[in-house]
Amino acid sequence: MATRKKVTILGSGSAGLTAAIYAARANLEPLVIQGLQPGGQLTITTDVENFPGFADGIQGPDLMEQTQRQAARFGTQFIDDNASFVDLSKRPFMIRTSSQEIITDTLIICTGATAKLLGIEAEKKLMGHGVSACATCDGFFFKDKEVFVIGGGDTALEEAVFLTRFAKQVTVVHRRETFRASPIMVNRAKQNNKVKFILNHVVEDIDDISKNEVTGIKLRDAQSNKISQYPADGVFIAIGHQPNTDLFKGQLELTKTGYIVTNGVKTSITGVFAAGDVQDELYRQAVTAAGSGCAAALEAQWLLESEEGHPSMPLADAKQKVSK
Ligand code: NDP
C-alpha cells in the first residue's frame, strides 16, 4: 500500500534538510527521500568556512549530520533510497522508489547537482584509478604524488589547496587566463608554494588506459593548439555541476542548462516546490540552499493550510502568497 504524506522532500542536502526542519516544526511530519548520497554535496567537502554561525568553520559531514539530527528531532521520517519515478500530472503527486510508492499533497524537490566530467574516454576508464571528482574522498591516496586539478572555480582552487596536504605538487589547469573563483581563493592557492598553474590549457587526454592507472596528462594550449605532456599520478576534475533533474524532464519547466525554473521556490506546478542547487544556477551556496529550503517548506505549509481553510497567517496575506 502506498504511503500517504502531506509533504515529501526529495534530497537531503542543505536545502532538503532545512525544508524538513521547518515542515516538521509545522507538524507536517515530512518524509525525506534521502537519495543514495545522504547529506548532499557537503558530505564530500572538508572545511566549510562560509556557513554562518561557525566562527572557526565546520567540517561538511559534521554540519550535515547535525542538520539531519535536527530534522529527525522534530519528527521527520527518512527513506534511504532514490526516487525512480515521479508523476506530477495530478495532485496528490506520486513518487516511486525501488521498494514503495508515496502519495503526497506537496513535493519539495532538493535533488541538488552532480559533478560534471570532461567527457573524454580516459576519464571514464580511469575513474577510481587515479582520476577523481572528489579531492576530499580520494586526496589521501595521493601522498607525495604529482596531481593535477582541472577547473578555475572555487571548487578547483579549494581542492588544489586541500590536496597539498598530501601531494608533492598540485598543478591547476584552467582553460582561461582569469579565474571564476573568488579572489580570496585565488590568493590562497597562489600563496601555497606546492600549487602551480597552467592557464589557457585544456585536457586533451589522460594516460594510461592500458595500464589501468594515471601516468601522465596531455594538455592542449587553447590558443596555439600545441600539445604538451606531463607526468601525473592523479587528475581531479573540478569543473562544476549538473543539476539532478532527469526525473522531472517533460513534467516541470527546466532552463536550457537543465535547472528547474522557479518563481521564488514555486515551480510551474502548484504544490511542487524546488529549493537549493537544483534550481539555483547562480549562488549555489549551502546557506542559500538552506534559505530556499526554509522558504519551500513555508510555501508548502501555507498552501496546505489555505486549502484546509485554516491559514496560520492573516487570510489576505495567505491568499496573496499562495496565488502568486
Ligand atoms: P564553477 O561553475 O564556479 O566553476 C567551474 C570551473 O570549471 C570554471 O572555471 C570553468 O571554466 C571550468 N570548466 C567548466 N567546464 C569545463 C570544461 N569542460 N573544461 C575545462 N574547464 C571547465 O563551479 P565550482 O564547482 O567551482 O563552484 C560552484 C559554486 O560553489 C560557486 O558558486 C562557488 O563560489 C561555490 N563554492 C564555494 C566554496 C567556498 O566558499 N569555500 C568552495 C567551493 C565552491 P570557465 O571559468 O572558463 O567557465
Side-chain angles (χ1 to χ4, degrees), residues 13-15 40-64 112-124 131-137 139 148-164 170-192 195 197-206 217-223 225 235-244 255-259 276-292:
S14 269
Q41 288 180 60
L42 281 186
T43 58
I44 54 165
T45 55
T46 46
D47 301 320
V48 178
E49 295 176 336
N50 54 10
F51 200 91
F54 300 95
D56 301 318
I58 183 168
Q59 295 290 300
D62 293 347
L63 176 60
M64 295 326 290
T114 309
K116 278 193 210 161
L117 295 177
L118 296 165
I120 57 176
E121 195 197 353
E123 164 193 58
K124 250 194 265 157
V131 174
S132 169
C134 175
T136 320
C137 321
F148 284 69
V149 175
I150 318 304
D154 279 330
T155 303
L157 297 191
E158 187 174 87
E159 296 209 336
V161 171
F162 173 72
L163 285 165
T164 61
V170 181
T171 304
V172 175
V173 178
H174 179 36
R175 63 184 176 183
R176 293 189 294 135
E177 184 74 36
T178 51
F179 289 95
R180 186 176 293 265
S182 49
I184 192 168
M185 297 300 288
V186 176
N187 286 343
R188 204 177 288 174
K190 282 188 172 165
Q191 278 162 14
N192 189 313
V195 179
F197 294 90
I198 300 181
L199 303 180
N200 293 314
H201 278 71
V202 294
V203 179
E204 183 70 12
D205 206 356
I206 303 168
I217 185 165
K218 284 195 191 87
L219 302 180
R220 180 166 52 81
D221 187 313
Q223 279 143 15
N225 279 331
V235 177
F236 288 82
I237 317 288
I239 60 167
H241 291 83
Q242 181 77 32
N244 297 319
T255 67
K256 261 193 264 165
T257 44
Y259 287 81
D277 287 12
V278 74
Q279 52 88 56
D280 174 14
E281 196 165 1
L282 183 61
Y283 302 114
R284 293 177 292 181
Q285 300 300 304
V287 68
T288 50
S292 64

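Computed from heavy atoms alone, side chains included, the values below leave out hydrogens, waters and symmetry copies. Whatever order the structure lists them in is the order used to number ligands and atoms, beginning at 1.
Residue-level proximity to ligand 1 for Tyr283 is carried by the backbone, the only part with a heavy atom below 4.0 angstrom. Both the backbone and the side chain of Ile239 come within 4.0 Å of ligand 1, counting heavy atoms alone. Proximity of Glu49 to ligand 1, defined as any heavy-atom pair under 4.0 Å, is not found for any part of the residue. Only the side chain of Gln285 comes within 4.0 Å of ligand 1, judged by heavy-atom distances. Contacts of Arg284 with ligand 1, taken as heavy-atom pairs under 4.0 Å, involve both backbone and side chain.
Classification of Arg220 and Glu204 as a salt-bridged pair holds, one side-chain N sitting under 4.0 Å from a carboxylate O.
Two residues are said to be in side-chain contact when any heavy atoms from C-beta on lie closer than 4.5 Å; Ile217 and Ile150 meet this criterion. For the pair Asn50/Val287, no side-chain contact is recorded, criterion being any heavy-atom separation below 4.5 Å from C-beta on.
For Val202, the heavy-atom gap to ligand 1 stays at 4.0 angstrom or more.
Selection from Asp154, Val172, Ile150, Ile184 by nearest heavy atom to atom 36 (N) of ligand 1 gives Asp154. With atom 11 (O) of ligand 1 as the reference point, the heavy atom nearest to it among Met185, Lys116, Arg175 is part of Arg175.
Heavy-atom contacts of Leu118 reach the following atoms of ligand 1: 19 (N) (cutoff under 4.0 Å). Within the listing of ligand 1, atoms 25 (O) sit less than 4.0 angstrom from a heavy atom of His241. Short contacts between ligand 1 and Arg176, defined as distances under 4.0 Å to a heavy atom of the residue, involve ligand atoms 45 (P), 46 (O), 47 (O). Counting atoms of ligand 1 from 1 in the listed order, those under 4.0 Å from a heavy atom of Glu158 are 39 (C), 41 (N), 42 (C). Atom numbering of ligand 1 starts at 1 in the shown order; those under 4.0 Å from a heavy atom of His174 are 9 (O), 11 (O), 45 (P), 46 (O), 47 (O).
Looking at Gly152 next to ligand 1, an N or O pair under 3.5 Å apart turns up.
Note that CD of Gln223 and NE2 of His201 are 9.0 Å apart. Values are rounded to the nearest 0.5 Å. Here the straight-line distance linking atom OG1 of Thr136 with atom CG of Leu42 works out to 10.5 Å at 0.5 Å rounding. Rounded to the nearest 0.5 Å, atoms CE (Met185) and CD (Glu159) are 9.5 Å apart.
Between Phe179 and His174, the angle of the ring planes stays under 30°, which puts this pair in the parallel group of the 30/60° scheme.
Although no hydrogens or angles enter the test, the distance criterion places no donor-acceptor pair under 3.5 Å between the side chain of Asp277 and the main chain of Ala289. No donor-acceptor pair under 3.5 Å is formed between the side chain of Thr171 and the backbone N or O of Phe148.
Protein heavy atom at the shortest distance from atom 48 (O) of ligand 1 is Arg180 NH2, 2.6 Å. Of all protein heavy atoms, the one lying nearest to atom 24 (P) of ligand 1 is Thr155 OG1, 3.1 Å. Protein heavy atom at the shortest distance from atom 40 (O) of ligand 1 is Asn50 ND2, 2.5 Å. Gly240 CA, 3.6 Å is the protein heavy atom nearest to atom 23 (O) of ligand 1.
Residues Glu177 and Asn200 share a closest heavy-atom pair of OE1-ND2, 2.6 Å.
The neighbour count for Tyr283 OH, taken as heavy atoms of other residues, nucleotides or ligands under 6.0 Å away, does not exceed 12.
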